[in-house]
Amino acid sequence: MSAVVGCFNEKAKKLLELHLASGFKKYTIWFNKCHKSHGTLIQQGKDLVTYAIINAVAMRKILKKYDKIHYSKQGQEFKAQAQSLHIEILQSPWLCELMAFYMNLRRSKKNKGAMELFGDCSLTFDDDKPTISCNLFDSMRVDISLTCSICLDTVFDPVALSCGHIYCYLCSCSAASVTIVDGLKSADRKSKCPLCRQAGVFPNAVHLDELNMLISHSCPEYWEKRIQMERVERVRLAKEHWESQCRAFLGM
């Protein structure tokens, strides 16, 4: 399961990195990738979603058959353990990114005829609490809450920790006790996720850029307000960081 999820994550990361690249970086990546067409990128996204669904269905059937043959609940215990370790493919943050990628393409006028990546994918708001949802094959459904459990608001500049929980970038830096200058990679391995209390989840956090764009287009007024607030807060935090560095350097 770890190998399957690792393969999916790596391929999805490269695909979305190519889609989000701009300027000189974009031309460099495209040159190294032998200039793949836009249609080819969409097809690769579709193949990745199919790969995720096939493996999720296969694992479900294997565990069901195991319990049926051995008359035990070990299969369910294994599934629960896999979920806690976040090696179940439907928990991958890159699947969330592909869902947002698809919805961003669907929203864009120039991509009206793009191939379907997901059968039914949507961003909904229930009492101002956003959720990204998708119905997959064989009655499988993925629902991902986009409310930061630290600030209790819609995630802004979202990151997914290696435990799978999604937070605002500034909130995650605060939870990890690191500055925005040093970033999450500098977080102590003993730092724990505020929700599941799993340690070592900050250094390998994934920035969810496609999700970031999706929320910004879906909630423009909220987004503009958060941008103004974040700008002030980031300047304040950066100023405090460099002032502390100067005091340390001067021995004050």
Would Lys129 and Ser145 satisfy side-chain contact (heavy atoms from CB on, under 4.5 Å), going step by step from the backbone distance to the final call?
-> CA-CA 8 Å; Lys129 301 297 182 183; Ser145 173; over 6 Å; no
Side chain Asn212, main chain Leu208, donor-acceptor under 3.5 Å | no
For the atom pair OH (Tyr102) and NZ (Lys46), what is the distance rounded to the nearest 0.5 Å?
-> 10.5 Å
Is it true that a side-chain atom of Glu97 and a backbone atom of Ala12 form a donor plus acceptor pair closer than 3.5 Å?
-> no
Determine, step by step, whether Asp47 and Val49 satisfy the side-chain contact (heavy atoms from CB on, under 4.5 Å) criterion, reporting the C-alpha distance in whole Å, the side-chain angles of both residues, the deciding distance to 0.1 Å, and the verdict.
-> CA-CA 5 Å; Asp47 292 342; Val49 173; over 6 Å; no
Quick one: closest heavy-atom pair of Ala100 and Ile132, and the distance?
-> N-CD1, 4.1 Å
For residues Val201 and Cys163, report the shortest heavy-atom separation together with the two atoms involved.
-> CG1-CB, 3.7 Å
Determine, for Lys225 against Glu221, whether the closest basic-nitrogen to carboxylate-oxygen distance falls under 4.0 angstrom.
-> no
Specify the closest pair of heavy atoms between Met99 and Cys134, including all atoms of both residues, with the distance to one decimal.
-> CE-CB, 3.5 Å
For Tyr51, the side chain to side chain contact (heavy atoms under 4.5 Å, CB included) test, sequence neighbours excluded, returns Val4, Cys7, Phe8, Asn55, Ile89
What pairs with Gln228 under side chain to side chain contact (heavy atoms under 4.5 Å, CB included), at least two apart in sequence or on another chain?
-> Glu224, Arg231
Rounded to the nearest 0.5 Å, what's the gap from NZ on Lys185 to CG on Asn204? Could you check?
-> 6.5 Å
Do we see a donor-acceptor contact under 3.5 Å between the side chains of Thr179 and Asp182?
-> yes
Answer with yes or no whether the hydrophobic clustering places Ile54 together with Met59; edges join I, L, V, M, F, W, Y residues whose side-chain heavy atoms lie under 4.5 Å apart.
-> no
Residues at least two apart in sequence or cross-chain that pass side chain to side chain donor-acceptor pair (under 3.5 Å) with Glu10, listed by chain then number, are none
Taking only residues at least two apart or on different chains, which pairs with a member in residues 198-215 satisfy salt bridge (charged side-chain N to carboxylate O under 4.0 Å, His left out)?
-> none
Gap separating the NZ atom of Lys14 from the CG atom of Asn9, nearest 0.5 angstrom = 12.5 Å
Do the non-hydrogen side-chain atoms of Pro158 and Tyr169 ever get within less than 4.5 Å of each other?
-> no
Indicate if Leu95 and Val57 have the same hydrophobic cluster label, given that clusters are the connected sets of ILVMFWY residues with side-chain heavy-atom separations under 4.5 angstrom.
-> yes
Non-hydrogen side-chain atoms of Val178 and Leu184 separated by less than 4.5 Å = yes
Side-chain donor-acceptor pairs of residues 146-157 under 3.5 Å, sequence neighbours excluded:
residue	atom	partner	partner atom	Å
Asp157	OD1	His207	NE2	3.2
Asp157	OD2	Arg234	NH2	2.8

Could you pull out the closest heavy-atom pair between Ser191 and Ala176, with the gap in Å?
-> OG-O, 3.7 Å
Value for CE (Met213) from NE2 (His217), rounded to nearest 0.5 Å, stands at 6.5 Å
Value rounded to 0.5 Å, distance of OG in Ser216 from CG in Asn104 | 7.5 Å
For Tyr167 against Ser172, the heavy-atom pair lying closest together | CB-CB, 4.2 Å
Beyond-backbone contact of Cys196 with His165, side-chain heavy atoms, under 4.5 angstrom | yes
Would you tell me whether Thr131 and Asp143 have side-chain atoms, one donor and one acceptor, within less than 3.5 Å of each other?
-> no
Expected output: side-chain Ser174 to main-chain Leu170 donor-acceptor under 3.5 Å | no
Ser92 side-chain N/O to Trp94 backbone N/O, donor-acceptor pair under 3.5 Å = yes
How many angstroms lie between atom CG of Leu15 and atom NZ of Lys13, to the nearest 0.5 angstrom?
-> 13.0 Å
By side chain to side chain contact (heavy atoms under 4.5 Å, CB included), Cys219 pairs with (sequence neighbours left out) Phe125, Ile215, Tyr222
When hydrophobic residues are tied together by side-chain contacts of less than 4.5 Å, even through go-betweens, does Ile227 share a cluster with Leu214?
-> yes
